[in-house]
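So you know, we letter chains A, B, ... as the sequences are listed, proteins then strands, and number each from 1.
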Protein chains: 2
Amino acid sequence: MQAISEAESRIMEALWRKTPLSAEQIISTVGPENGWAPATVKTLITRLLKKNAIAGAKEDGGYFYRPLIARADWVQSESQGLLDRLFKGEVAPLVAHFAEHRQLSAKDLRQLKALISKIEDDGK
Amino acid sequence: MQAISEAESRIMEALWRKTPLSAEQIISTVGPENGWAPATVKTLITRLLKKNAIAGAKEDGGYFYRPLIARADWVQSESQGLLDRLFKGEVAPLVAHFAEHRQLSAKDLRQLKALISKIEDDGK
DNA sequence: CATTGGAAAGTACGGGTGTAATCTGGCAAG
DNA sequence: CTTGCCAGATTACACCCGTACTTTCCAATG
């Protein structure tokens, strides 16, 4: 249901990038990326199965895994937690923080302005 | 040096709110807040000492603890990690995400606009 | 100097995590 | 029908974390 660990999330990311994937494919993408033995990847897959975060099924000749939770949902709970714990749930201070630490690129600024305009237009 | 755990961060937050604090003070602020036995709080203090995240010293009649790392630094590494893992290091997509999930209050919008104006003025 | 009170260290223990090997059982191919 | 491969389960093990108690050691106080 919940609490996908860091290592497990690497598997999820692979499946979110491309779904479905066979065990073999997961191992060959995610293994080298992280320096994991095949057995390790299989353990992570097992744990994700147990957590109902993914499902495996045989389809047209092979056995494939698919994510059962949407990346957006996961991102939501992860980032919501951080926002609450560190910034009292307010988005602006978070952005201000990044701004102070020179983490706001010109590209970010452009995108942010566009985003704000869009939101205001929608509300109109 | 690193990796302050969730529970440990509660102690840090108390010390960041008011520094220095005695063990007694930490226990009586942080204990009830989290439903922790005094012994638990002391364990967390010990672990933070071992991690060099705080320091204890006797000063004018009592024994007091002070944080050794700045809250801003901690917030920085925590949020940077999330930003990198979830949003490829780009701030705008993060804000966009919150916007989509109705997490952007009117107040946030106001503050964001002010923030952006300020940044642009500074750059001028 | 002896006692005491508190800080720090040590011990405990169940659960999660990272890392990994092996066992098992069913399906497919020969 | 038998055999082999592969998914899933089991087992392993050290470390971190949450939760907590007990022991040790130092410093101040009487």
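- The nearest whole Å value for the distance from the CD atom in A:Gln25 to the C1' atom in D:dA7 is 15 Å.
- In terms of the side chain to side chain donor-acceptor pair (under 3.5 Å) criterion, residue partners of A:Arg10 (sequence neighbours excluded) are, by chain and number, A:Glu6, A:Asn34.
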Between protein and nucleotides 12-30 of chain C, map the contacts as a letter string: B base, S sugar-phosphate only, - none, heavy atoms under 4.0 Å, written 5' to 3'. B----SBBBB---------
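- Contact check on B:Glu8 versus B:Arg47 returns no salt bridge, with no Lys/Arg side-chain nitrogen under 4.0 Å from an Asp/Glu carboxylate oxygen.
- Distance B:Lys50 NZ to D:dC15 C1': 14 Å, rounded to the nearest Å.
- The side chain to side chain donor-acceptor pair (under 3.5 Å) search around A:Ser28 returns none, not counting sequence neighbours.
- Rounded to whole Å, the distance from CZ on A:Phe64 to P on D:dA7 is 10 Å.
- B:Ile26 has its CD1 atom 15 Å from the P atom of C:dG6, to the nearest Å.
- In this structure, B:Ile11 places its CD1 atom 14 Å from P of C:dA7, rounding to the nearest Å.
- Nucleotide D:dT19 holds its C1' atom 14 Å from the CD1 atom of B:Ile45, rounded to whole Å.
- Looking at heavy-atom distances under 4.0 Å, A:Leu49 makes contact with sugar-phosphate atoms alone, never a base.
- Screening residues 108-117 of chain B for side chain to side chain donor-acceptor pair (under 3.5 Å) gives A:Glu120-B:Lys113, B:Ser105-B:Asp108 as the qualifying pairs, with residues at least two apart or on separate chains.
- For residues 64-83 of chain B, the set of pairs meeting the salt bridge (Lys or Arg N to Asp or Glu O under 4.0 Å) definition, not counting sequence neighbours, comprises A:Arg85-B:Glu78, B:Glu13-B:Arg71, B:Glu59-B:Arg66.
- Counting only residues at least two apart or on different chains, the salt bridge (Lys or Arg N to Asp or Glu O under 4.0 Å) pairs with a member in residues 33-44 of chain A are A:Arg17-A:Glu33.
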